[in-house]
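Okay, structure first, notes after.
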Amino acid sequence: MNIAIFFSGNGSNMLNIKKAIDEKKIKANIKIFVCNNPKAKGIKKLCNNNNKLKVIDHKKFASFREWEFEVEKYMQKLNVDLICLAGFMKILSEVFVKKWKKKIINIHPSLLPAFKGLNAQKRAFEYGVKFTGCTVHYVNEELDGGDIIEQSLVKITKNDTLNSLTKKILIEEHKIYINVLKKLSNGEKLWRN
Ligand code: GRF
């Protein structure tokens, strides 16, 4: 399985996937890392001179669609089977998502369909729900609305702060993203269609 990983920030999910592949826990090859944000902390963590890393600043393009064209140019000959969004903070266009139907997955820090969109941990915490968690899902045209592949539950306790909750969720994110990739790389069918 040839994968592309898109990220925008800290890159902990991206690095966690890379580690699992390096340690042969997942049978996959990372063909390209794409980062849209030159200030992303994940760039240094990955090692700036990783020759598979393409930092493509979306602000340098007249539209996000043009950014996508540029990314696709790099991906053209790489035979990418799956795009893994790992803390990727831009919304992909409908055209792009349709073209890559069931070939883009994302990790979201809530139990979808609750708390779609940004700051999901904060909104769950402030709402006062007793349980939240994270979700790996396919990406479709609706924000955080694609078919759910896997979820993990996180209990919010009286002692939790937003910070402790965010950390607990991130630990689960790392686990389920790897589980899903293991299954996909073994050719398991993860959705009924
Ligand atoms: C994660 O909580 C992810 O679910 C969300 O953004 C955060 C990124 O974390 N989409 P990282 O960049 O993988 O450390």
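Just so you know, these numbers come straight off a predicted model, no measurement behind them. Side-chain atoms are counted along with the backbone in the values below, which use heavy atoms only and exclude waters and symmetry mates. Residue numbers count from 1 along this sequence. Whatever order the structure lists them in is the order used to number ligands and atoms, beginning at 1.
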Less than 3.5 Å apart, any donor N or O on the side chain of [X] or [Y] sitting next to an acceptor on the other?
X	Y	result
Asn2	Asn79	no
Thr166	Gln121	no
Glu72	Trp67	no

Using a 4.0 Å cutoff against the non-hydrogen atoms of [X], which atoms of ligand 1 qualify?
X	answer
Asn10	12 (O), 14 (O)
Gly87	6 (O), 8 (C), 10 (N)
Gln121	2 (O)

> Within the structure, does Ser12 bring an N/O atom to less than 3.5 angstrom of an N/O atom in ligand 1?
Replying inline: yes
>> So for ligand 1, is Gly9 a polar contact partner (N or O within less than 3.5 Å, distance only)?
In response: no
So which protein heavy atom does [atom] come closest to, and at what separation?
atom	answer
atom 12 (O) of ligand 1	Gly11 N, 2.8 Å
atom 5 (C) of ligand 1	Pro109 CD, 4.0 Å
atom 10 (N) of ligand 1	Ile107 O, 3.5 Å
atom 9 (O) of ligand 1	Asn13 ND2, 4.0 Å
atom 4 (O) of ligand 1	Glu173 OE1, 2.8 Å

>> The criterion is salt bridge (Lys or Arg N to Asp or Glu O under 4.0 Å); which residues satisfy it with Lys103, sequence neighbours excluded?
In response: none
>> Check this for me, if you would: do Glu172 and Lys168 make a salt bridge, where the nitrogen-to-carboxylate-oxygen distance has to be below 4.0 angstrom?
In response: no
>> Filter on side chain to side chain donor-acceptor pair (under 3.5 Å), then keep only pairs touching residues 11-24, sequence neighbours left out; what's left?
In response: Ser12-His174, Asn13-Glu173, Lys18-Asp22, Glu23-Lys25
>> Within 45 degrees of the ring normal and closer than 6.0 Å to the centroid, is that where the cationic atom of Lys52 sits relative to Phe33?
In response: no
